[in-house]
Asker: 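Quick one: this structure, given as structure tokens, is what I'll be asking you about.
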Amino acid sequence: MTTALRVPEELSARVPAEQRGPGLDRDAVRLLVSRGTEVSHHGFAELPCLLRAGDLLIVNTSPTLAAAVDGRIGHARVVVHFSTRGDDGRWAVEVRDPDGRGTTRARAGGPAGTEVRLPGGVRLVLEEPLTERSPRLWWGRVSEPGGEVPETDGPGPEADVLGLLGRHGRPIRYSYTERDQPLSAYQTVFALPGADGSGSAEMPSAARPFTARLVAALVSRGVQFAPVTLHTGVASAEAHEPPYPERFAVPETSARLINAAGAGDGRVVAVGTTAVRAVESATGADGVVRAAEGWTDLVVTPERGVRVVDGLLTGLHEPEASHLLMLEAVAGRAAIDRGYDAALRGRYLWHEFGDVHLILPEEDPHTEHCARNCW
């Protein structure tokens, strides 16, 4: 598919949209729209024109954590990316090397028993790789300051890590960005704090361009919202590995809204690949969404397909990214190839602060009429 294409470095979005000029807001990004293999170009603020009454947007409410913390292994400086909290109190982490430019580069994981000294006297001990296929992420246990690394699960290590992130963490940042940003720049308008402080290591970025004003405009046009939660882990920035198990929750009310939209004339559009993974994990072979929560290891591919999602609003992914298989499952290979060709020719911006791509089913006359009479 599009893996033969290369994304030029200058197409990386280096700062958030609202910092690119006076008077701009988060919605000041471009919106590429694919309907089958037909492509059109819009501003994100035109989204209410492109949806219609009865459509439903599935949104991820997971907040973003300040998941990057400085540490030391021996005398060497490292940066720990806290990814996913396990049921046993351990955390999946990625240890990376500082690159001298305020960001990081990949580092070999492990070995078992490696101790990372963190701020405030906290210690992290790496125990085992998260999976046998990749040594990038490791399960590690955190000590209480000045104490021993616990050998049993319990609230102590969990509370300490979340407190550590609150006191000493910062958002995970990659080398294509220009400078550090406050945590608020990585929160979406849909983010809700969890009762236990859980969240995502990296922002569910497809929802970033939404503003309160735009949400109100969509609601006034009869578009509904179904909140779900999926706490995203640390992405595989260099190797583009497939996703690993993540925590998710689809509440009963959202399941009912999604089923009702699917049974009517509305289109079910997921905002981000995380929302697809959450709702498809709660969808049975009969196409019915049921309330569910826990861990999902679902990887959506063209072979598996999607059962409930009609469309997808998503960022632009690297040609090697495993997310493109999910896009193919929603729209088909020809549509994704055509869309990404158009995005490159149109100089769209990539990554979490970049432009977005709305994938819809084939156009129909009603949608065209709505778009012409939006304002």
Side-chain angles (χ1 to χ4, degrees), residues 58-69 80-94 130-131 134 136-142 153 155 157-166 169-174 183-208 210 225-237 241-251 254-255 270-283 289 291-300 314-315 321-323 326 352:
I58 305 172
V59 296
N60 186 359
T61 63
S62 179
T64 307
L65 300 174
V69 180
V80 179
H81 289 174
F82 283 87
S83 181
T84 303
R85 184 176 59 187
D87 291 333
D88 60 358
R90 297 188 299 175
W91 279 76
V93 299
E94 181 181 23
L130 183 68
T131 69
S134 170
R136 179 178 67 94
L137 290 165
W138 279 66
W139 285 116
R141 286 195 183 272
V142 174
D153 56 338
E158 298 182 17
D160 183 68
V161 169
L162 295 171
L164 174 75
L165 301 185
R170 61 185 179 276
I172 290 174
R173 176 189 158 210
Y174 292 112
L183 184 59
S184 59
Y186 290 88
Q187 303 294 5
T188 74
V189 73
F190 304 111
L192 296 173
D196 61 354
S198 296
S200 290
E202 297 182 2
M203 172 177 55
S205 56
R208 192 184 189 279
F210 283 88
F225 291 83
V228 300
T229 301
L230 186 133
H231 296 316
T232 66
V234 175
S236 175
E241 301 162 3
Y244 52 88
E246 295 168 317
R247 288 183 182 271
F248 82 104
V250 176
S254 293
V271 178
T273 57
T274 63
V276 175
R277 195 180 197 200
V279 72
E280 291 287 329
S281 296
T283 305
V289 183
E293 62 179 311
W295 292 89
T296 177
D297 58 2
L298 175 66
V299 178
V300 178
T314 182
S322 61
H323 293 87
M326 181 184 290
E352 65 265 32

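When a residue number appears, it is its place in the shown sequence, counting from 1.
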Asker: When rounded to the nearest 0.5 angstrom, what distance separates CG in L65 from CZ in F82?
Answerer: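 That separation rounds to 11.0 Å.
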
Asker: Quick one: does any side-chain atom of T232 pair with a main-chain N or O of S200 as donor and acceptor, under 3.5 Å?
Answerer: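 It does not hold such a pair.
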
Asker: Provide the closest heavy-atom pair for E352 versus S205 in the form atom of the first, atom of the second, distance.
Answerer: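 For E352 and S205, the tightest heavy-atom pair comes out as CB-CB, 3.7 Å.
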
Asker: In sequence, state the C-alpha distance, the side-chain angles, and the governing distance for T84 and W295, and then conclude on side chain to side chain contact (heavy atoms under 4.5 Å, CB included).
Answerer: CA-CA 11 Å; T84 303; W295 292 89; 3.5 Å; yes

Asker: Between CZ of R90 and CG of L130, what distance do you get to the nearest 0.5 Å?
Answerer: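 Going from CZ on R90 over to CG on L130, the span is 9.0 Å.
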
Asker: Check whether any side-chain heavy atom of L137 lies under 4.5 Å from a side-chain heavy atom of S83, and answer yes or no.
Answerer: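 Yes, at least one pair of side-chain atoms sits under 4.5 Å.
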
Asker: Which pair of heavy atoms, one from P193 and one from P63, lies closest together, and at what distance?
Answerer: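 Scanning both residues completely, I find the closest heavy atoms to be CA-CG, 4.2 Å.
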
Asker: Looking at P204 and S62, what are the two nearest heavy atoms and their distance?
Answerer: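 P204 and S62 have their closest heavy atoms at CG-O, 3.9 Å.
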
Asker: Is the shortest heavy-atom distance from the side chain of D87 to the side chain of R247 under 4.5 Å?
Answerer: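 SC-SC contact between D87 and R247 confirmed.
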
Asker: Measuring from atom CG of L165 to atom CH2 of W91, what distance do you get when rounded to the nearest 0.5 angstrom?
Answerer: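 L165 CG to W91 CH2: 6.0 Å, rounded to 0.5 Å.
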
Asker: What distance do W139 atom CH2 and D88 atom CG have between them, rounded to the nearest 0.5 Å?
Answerer: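 Rounded to the nearest 0.5 Å, the CH2-CG separation comes to 6.5 Å.
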
Asker: If I compare all heavy atoms of A292 with all of A282, which pair ends up nearest, and what's the gap?
Answerer: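 Of all heavy-atom pairs spanning A292 and A282, the closest is CB-CB, 4.0 Å.
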
Asker: Classify the ring geometry between F225 and F210 as parallel (under 30°), tilted (30 to 60°) or perpendicular (over 60°).
Answerer: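 Plane angle over 60°, so perpendicular.
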
Asker: For the backbone of G272 and the side chain of R277, can you confirm whether one donor and one acceptor N or O come within less than 3.5 Å of each other?
Answerer: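 A pair under 3.5 Å: no.
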
Asker: What's the spacing between W138 CH2 and T131 OG1 if we round to 0.5 Å?
Answerer: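 Interatomic distance, W138 CH2 to T131 OG1, rounded to 0.5 Å: 11.0 Å.
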
Asker: Might you work through the side chain to side chain contact (heavy atoms under 4.5 Å, CB included) test for L230 and T296, ending with a clear yes or no?
Answerer: CA-CA 9 Å; L230 186 133; T296 177; 4.0 Å; yes

Asker: Testing the basics here: between T188 and R208, what is the closest heavy-atom pair and its distance to 0.1 Å?
Answerer: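 So the two residues come closest at CG2-N, 4.1 Å.
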
Asker: Look at the side chain of S254 and the backbone N and O of V250, then say whether any donor-acceptor pair between them is shorter than 3.5 Å.
Answerer: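 Not at all, since once roles are kept as given, no pair shorter than 3.5 Å links the two residues.
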
Asker: Would you give the length of the straight line joining atom CD of E246 to atom NE2 of H231, rounded to the nearest 0.5 angstrom?
Answerer: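 The NE2 atom of H231 is 10.5 Å from CD of E246, to the nearest 0.5 Å.
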
Asker: For the side chain of E202 and the backbone of A235, is there at least one donor-acceptor N/O pair under 3.5 Å apart?
Answerer: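 Yes: the side chain of E202 pairs with the backbone of A235.
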
Asker: Could you check D196 against S198 for side chain to side chain donor-acceptor pair (under 3.5 Å), going step by step and ending with a plain yes or no?
Answerer: CA-CA 6 Å; D196 61 354; S198 296; 2.9 Å; yes

Asker: Which atoms form the tightest heavy-atom contact between A201 and G233, and what is the distance?
Answerer: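 Distance-wise, the nearest heavy atoms are CB-C, 3.9 Å.
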
Asker: Check the pair L162 / R85 against side chain to side chain contact (heavy atoms under 4.5 Å, CB included), numbers first and verdict last.
Answerer: CA-CA 10 Å; L162 295 171; R85 184 176 59 187; 3.4 Å; yes

